[in-house]
Amino acid sequence: MSRPTQVSISRSALQHNLQRTREIAPNSKVMVPVKCDAYGHGIKKVVSALSNADGFAVACLDEALVTRGFTDKPIIILEGLYQSNELSQAYEANCEVVVHCLDQLEMLEQHNGPEQFNTWLKINTGMCRLGINPRDFEEYWQRLHDCACVNKPVKLMTHFANADDPNNPMTSQQIQCFFDTIKDTQTICSLANSGATLAWPDAHADWIRPGIMIYGASPFRNQTGPEHGLKPAMTLSSSLISIHHAKAGDRVGYCSQYECPEDMAIGVIAIGYGDGYPHSLPSGTPVLLNGHAAPLIGNVSMDMSAVDLRQHPEAKIGDTAIIWGEGLPVEKIARLANTIPYELFCNIHKRVIRE
Ligand SMILES: *Cc1c(COP(=O)(O)O)cnc(C)c1O
């Protein structure tokens, strides 16, 4: 028998979340971000499950080429191209490229092949990661339109820094900055990630780019996907591989971090930081054992973690333990680990079996 640690992805949850997203932004097309192996969910699974999405977004050409194996829909390369020798491959795979800096503009200006590219110009409205300065917009717009290899009109995009907080005024400022910058330019625009899709209808525009919500998690710190009508697509689970009876005062795991307050049963589950279950999780973090929470005790180790079985007298070896997903929100585990669901998803290790 193989190690019981596995991740299962629900096609129906993915499809439901896309449908729910369309209800929230009924007038926008949806490009689903599938960077980083579809947020750790598996690119093939996600792209085939979401064959009715309007397009997909990836970080780089390599990811675009993999994605192209599973769809004929538009694929947008969010970081654009790094070098001019990527242009022909990007063209052959029919990818749309983002231009966010001068080097990328010059790459297109200097290209003298027959290819024509669908191009997105990215404007930095406050995120200060990628994108041109708003005051350079007219110049970039003009120069891109002068490029023989650029399909007209160029499309426009920006990205939000604080859309994970519905009370942060910065998102409205960024929306304002974007529309002030492009003035009455007539073209296709894309602004919204999941946070803006949910909380800033003004940002929906022509295309939305909802990532985390398609995977069923909330972009907001104090909410969960189901509160927005979303369903978790990923369930990470394992099973109980040992039960033993400790005495009051025994200490559990590395650094003997947990001391048993009384004689008690301890369960060992085959999940550890080597699978992507964070070492930083504190004692008390819930694991769902046969549908009921069992608290983690002591440090998470590489391959295993221990739980308190005092409330689980019926527990036996082989019982299923849900680490996050169905019945146990990933948002809750992320908060306890001082991180975000995105990081937990992306950190699922290769050795975890995929259902
Ligand atoms: C990753 C990404 C998104 C999706 O963000 P979510 O918070 O997952 O919805 C949208 N746009 C860009 C440019 C991104 O890099």
Side-chain angles (χ1 to χ4, degrees), residues 14 17-18 20-22 24-25 28-41 43 46-47 50 53-64 67 74-81 95-101 104 119-132 155-166 168 170-171 174-175 178 188-201 203-221 223-225 228 230 232-234 330-331 334 339-347:
L14 288 166
N17 295 338
L18 176 57
R20 176 81 190 110
T21 302
R22 289 198 190 280
I24 293 167
S28 305
K29 290 187 173 180
V30 181
M31 67 169 92
V32 176
V34 290
K35 58 204 186 194
C36 194
D37 199 26
Y39 288 43
H41 289 60
I43 185 85
V46 170
V47 173
L50 299 178
D54 302 297
F56 296 93
V58 296
C60 58
L61 177 63
D62 288 350
E63 291 183 348
T67 306
I75 298 175
I76 291 88
I77 303 179
L78 294 170
E79 291 175 11
L81 302 178
C95 298
E96 307 194 6
V97 296
V98 168
V99 169
H100 59 71
C101 66
Q104 291 178 326
T119 306
W120 294 79
L121 176 59
K122 185 164 192 175
I123 304 169
N124 170 23
T125 55
M127 172 80 173
C128 293
R129 190 176 63 180
L130 299 182
I132 62 158
K155 298 178 247 196
L156 300 175
M157 66 182 289
T158 192
H159 192 41
F160 297 121
N162 290 286
D164 61 331
D165 175 5
N168 194 312
M170 183 158 174
T171 304
Q174 287 194 255
I175 296 169
F178 181 80
I188 302 289
C189 296
S190 175
L191 298 81
N193 54 5
S194 298
T197 298
L198 288 163
W200 282 272
H204 287 176
D206 301 292
W207 285 84
I208 55 171
R209 310 187 303 271
I212 199 76
M213 68 185 288
I214 292 287
Y215 302 100
S218 175
F220 307 132
R221 296 274 165 162
Q223 286 183 272
T224 60
H228 311 298
L230 304 167
M234 177 193 286
V330 66
E331 293 91 338
T339 183
I340 50 179
Y342 304 70
E343 187 176 34
L344 296 185
F345 288 157
C346 292
N347 276 351

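Positions are given from 1, in the same order as the sequence printed here. Atoms within a ligand are numbered from 1 in the order they appear, just like the ligands themselves.
Using the six-membered ring where Trp is involved, Y215 and Y39 have ring planes that are parallel, under 30° apart on the 30 and 60° scheme.
Heavy atoms of P219 come nearer than 4.0 angstrom to ligand 1 in no pair at all. The shortest heavy-atom distance from M213 to ligand 1 is not under 4.0 Å. For E79, the closest heavy-atom approach to ligand 1 does not fall below 4.0 Å.
Residues R209 and H159 have side chains that bring a donor and an acceptor to within less than 3.5 angstrom of each other. Side-chain polar atoms of S218 and T224 form no donor-acceptor pair below 3.5 angstrom.
At a 3.5 angstrom cut-off on N or O pairs, L78 does not count as close to ligand 1. For Y39, a nitrogen or oxygen atom sits less than 3.5 Å from a nitrogen or oxygen atom of ligand 1, counting backbone and side chain alike. Polar contact with ligand 1: present for I212 (N/O pair, distance under 3.5 Å).
Using a 4.5 Å heavy-atom cutoff, the side chains of M157 and V98 are in contact. Between L130 and E79, some side-chain heavy-atom pair lies under the 4.5 Å cut-off. Put simply, the side chain of L198 reaches to within 4.5 Å of the side chain of F220, judged on heavy atoms. Taking the side chain as every heavy atom from C-beta outward, W207 and S28 never approach each other to under 4.5 Å. Using a 4.5 Å heavy-atom cutoff, the side chains of V97 and Q104 are not in contact.
Across all non-hydrogen atoms, the minimal contact from A334 to P341 is CB-N, 3.5 Å.
Looking only at heavy atoms of the protein, atom 15 (O) of ligand 1 is closest to K35 NZ, 2.6 Å. Looking only at protein heavy atoms, the nearest one to atom 7 (O) of ligand 1 is Y342 OH, 2.6 Å. The shortest contact between atom 12 (C) of ligand 1 and any protein heavy atom is with H159 CE1, 3.4 Å.
Under 4.0 Å from ligand 1, the heavy atoms of R129 that appear belong solely to its side chain. Here R209 has heavy atoms under 4.0 Å from ligand 1 in both its backbone and its side chain. With a heavy-atom cut-off of 4.0 Å, K122 touches ligand 1 through its side chain alone.
Within the 3.5 Å criterion, the main-chain N or O of T171 finds no donor-acceptor partner in the side chain of N168.
Which parts of ligand 1 touch S194 is read off a 4.0 Å heavy-atom cut-off, strictly below it: atoms 6 (P), 9 (O). Of all the atoms in ligand 1, the ones that sit under 4.0 Å from a non-hydrogen atom of P210 are 9 (O). Applying the 4.0 Å criterion to heavy atoms of P33 picks out, from ligand 1, the atoms 4 (C).
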